[in-house]
Participant: 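One structure, as structure tokens, below. Some questions next.
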Amino acid sequence: CASTKRDVLDIHEQVGPVRYTNALGEPTVHYFDFVIDMDAGDRFAVVCKNQREADKQLFRANLACLSRDLPAEIASTLLLVTENSFGPNEARNAQLILAARRVIDPDGDAAIAKAVATLNGFMTIQDIQKLMGSPAFSFFAAVRAIDCGLLKLKTPHALISPESLV
């Protein structure tokens, strides 16, 4: 979901190797799932684990050691992400936003901006698509409008769909 945040500059996958001494005192190597560069200059090293694994005492101890030995050139902060870190709608919406960002459609973006300017109250994305007359790409244009704040979901954290009220 981080990749959909506007203050994220870049995301690097499988960063490492990072050498550290684990909780048993053994030299160990780790590859971070992601390192996230923020526009404020912060860098976050991300470890993704399932919650069951993350709850184990040895894993937590090793994570503390990894954080302690985290090289400043890799990241300033270590983050643990599990399936409980965000809801299913947030994950699905993040995928949708990323897909919409990959579609370059200045005409669709201009059309959605024009349609939004005429709105008074809530309307479904599907109804806005009908106003625009180009349903195929206009859905992604609507998603990009949500992403940049031009449109807001009536129900925060709701799943973005053609039936969503904005």
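Source: prediction; values computed, not measured.
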Participant: In Å and rounded to the nearest 0.5 Å, what is the CG to CG distance from N84 to L80?
Facilitator: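 The CG atom of L80 is 10.0 Å from CG of N84, to the nearest 0.5 Å.
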
Participant: Could you tell me whether E26 atom CD has more than 12 heavy atoms of other residues or ligands within 6.0 Å of it?
Facilitator: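 Enclosed: over 12 neighbouring heavy atoms sit under 6.0 Å from CD of E26.
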
Participant: Let me confirm one number: the OG-OH distance from S67 to Y20, rounded to the nearest 0.5 Å.
Facilitator: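 The OH atom of Y20 is 11.5 Å from OG of S67, to the nearest 0.5 Å.
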
Participant: Is there a donor-acceptor contact under 3.5 Å linking the side chains of S161 and E163?
Facilitator: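 Yes, side-chain donor-acceptor contact under 3.5 Å.
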
Participant: Locate the shortest heavy-atom distance separating F34 from C48; write the atom from each residue and the value.
Facilitator: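 The pair with the smallest heavy-atom distance is CE1-SG, 3.9 Å.
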
Participant: With no hydrogens and no angle check, is any side-chain donor or acceptor of R60 less than 3.5 Å from a backbone partner on D55?
Facilitator: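 No; judged by distance alone, with no hydrogens or angles, the pair does not exist.
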
Participant: With the 4.5 Å side-chain cut-off for hydrophobic clustering, are I146 and L159 part of the same group?
Facilitator: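 Not linked; separate clusters.
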
Participant: If you count every heavy atom of other residues, nucleotides or ligands that lies below 6.0 Å from R52 atom CZ, does the total exceed 12?
Facilitator: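 Counting neighbours around CZ of R52, 12 or fewer heavy atoms of other residues, nucleotides or ligands fall under 6.0 Å, so no.
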
Participant: Using the rule that Ile, Leu, Val, Met, Phe, Trp and Tyr join whenever any side-chain heavy atoms are under 4.5 Å apart, tell me whether L70 and V81 fall into a single cluster.
Facilitator: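 Each belongs to a different hydrophobic cluster.
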
Participant: Run the side-chain contact (heavy atoms from CB on, under 4.5 Å) test on D42 and I36 for me, step by step, so that the C-alpha distance in whole Å, both residues' side-chain angles and the decisive distance to 0.1 Å come before the verdict.
Facilitator: CA-CA 8 Å; D42 296 320; I36 303 171; over 6 Å; no

Participant: Closest heavy-atom contact between A115 and T118?
Facilitator: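 Scanning both residues completely, I find the closest heavy atoms to be O-OG1, 2.7 Å.
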
Participant: Inspect the surroundings of CD in E13 and state if more than 12 heavy atoms from other residues, nucleotides or ligands are less than 6.0 Å away.
Facilitator: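 It does not: E13 CD has 12 such atoms or fewer within range.
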
Participant: If you compare all heavy atoms of R19 against all heavy atoms of V29, which two are closest, and at what distance to 0.1 Å?
Facilitator: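 So the minimum-distance heavy-atom pair works out to NH1-CG2, 3.1 Å.
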
Participant: Would you give the length of the straight line joining atom CZ of F32 to atom CG of L79, rounded to the nearest 0.5 angstrom?
Facilitator: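 One finds 10.0 Å between CZ of F32 and CG of L79.
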
Participant: Okay, side chain of N93, backbone of A158: is any donor-acceptor separation there less than 3.5 Å?
Facilitator: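 Flag set: sc N93 to bb A158 pair under 3.5 Å.
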
Participant: Does A23 offer a backbone N or O that forms a donor-acceptor pair with the side chain of N62 under 3.5 Å?
Facilitator: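 It does hold such a pair.
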
Participant: Are any side-chain N or O atoms of R43 and backbone N or O atoms of E73, one a donor and one an acceptor, separated by less than 3.5 Å?
Facilitator: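 Judged by distance alone, yes, a pair lies under 3.5 Å.
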
Participant: Taking C-beta and beyond as the side chain, do K152 and V166 meet within less than 4.5 Å on heavy atoms?
Facilitator: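 K152 vs V166: side chains apart.
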
Participant: Main chain of H157, side chain of N89: is a donor-acceptor contact present, judged purely on distance under 3.5 Å?
Facilitator: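 Answer holds: yes.
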
Participant: If you apply the rule side-chain contact (heavy atoms from CB on, under 4.5 Å), what do you find for L165 with I125, and how did you get there?
Facilitator: CA-CA 7 Å; L165 281 172; I125 291 173; over 6 Å; no

Participant: Just verifying a value: how many Å separate M38 CE and S76 OG, rounded to the nearest 0.5 Å?
Facilitator: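 One gets 10.0 Å once the value is rounded to the nearest 0.5 Å.
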
Participant: As an exercise, state the distance from CZ of F139 to CD1 of I112, rounded to the nearest 0.5 Å.
Facilitator: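 Between atom CZ of F139 and atom CD1 of I112 there are 10.5 Å.
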
Participant: Strictly distance-based, threshold 3.5 Å: is any side-chain N or O of S164 a donor or acceptor partner for the main-chain N or O of L153?
Facilitator: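 No, because the side chain of S164 does not come within donor-acceptor range (under 3.5 Å) of the backbone of L153.
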
Participant: Rounded to the nearest 0.5 Å, how far apart are CG of L63 and NZ of K49?
Facilitator: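 These two atoms lie 10.0 Å from each other.
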
Participant: Is there a continuous path of hydrophobic side-chain contacts, each under 4.5 Å between heavy atoms, that joins I11 to F44?
Facilitator: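 Yes, because I11 and F44 connect within a single hydrophobic cluster, where side-chain heavy atoms sit under 4.5 Å apart.
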
Participant: Pick out which of T28, T21, N22, L78 makes a side-chain contact (heavy atoms from CB on, under 4.5 Å) with L66.
Facilitator: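 Testing each of T28, T21, N22, L78 against L66, the sole residue satisfying side-chain contact (heavy atoms from CB on, under 4.5 Å) is L78.
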
Participant: Counting distance only, does the side-chain N/O of E83 pair as donor-acceptor with the main-chain N or O of Q51 below 3.5 Å?
Facilitator: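 A pair under 3.5 Å: yes.
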
Participant: For residues F140 and A99, report the shortest heavy-atom separation together with the two atoms involved.
Facilitator: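 So the two residues come closest at CZ-CB, 4.0 Å.
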
Participant: When you compare the side chain of V143 with that of I160, does any pair of heavy atoms fall below 4.5 Å?
Facilitator: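 Result yes, sub-4.5 Å side-chain heavy-atom pair found.
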
Participant: Can you name the nearest heavy-atom pair linking L151 to A142, along with the distance?
Facilitator: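 Taking every non-hydrogen atom into account, CD1-O, 4.0 Å.
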
Participant: Would you say that V15 contacts I74 through its side chain, given a criterion of any heavy-atom pair below 4.5 Å between the two side chains?
Facilitator: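 In contact.
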
Participant: Measuring only between side-chain heavy atoms, which start at C-beta, is R144 closer than 4.5 Å to L150?
Facilitator: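 Not touching, per the 4.5 Å side-chain cut-off.
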
Participant: Restricting to non-hydrogen atoms, name the atom on P106 and the atom on I104 that form the minimum distance, rounded to 0.1 Å.
Facilitator: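 That would be CD-C, 3.8 Å.
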
Participant: Verify the cluster assignment for V47 and L58: are they in a single hydrophobic cluster under the rule of side-chain heavy atoms below 4.5 Å apart?
Facilitator: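 No, no single cluster joins them.
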
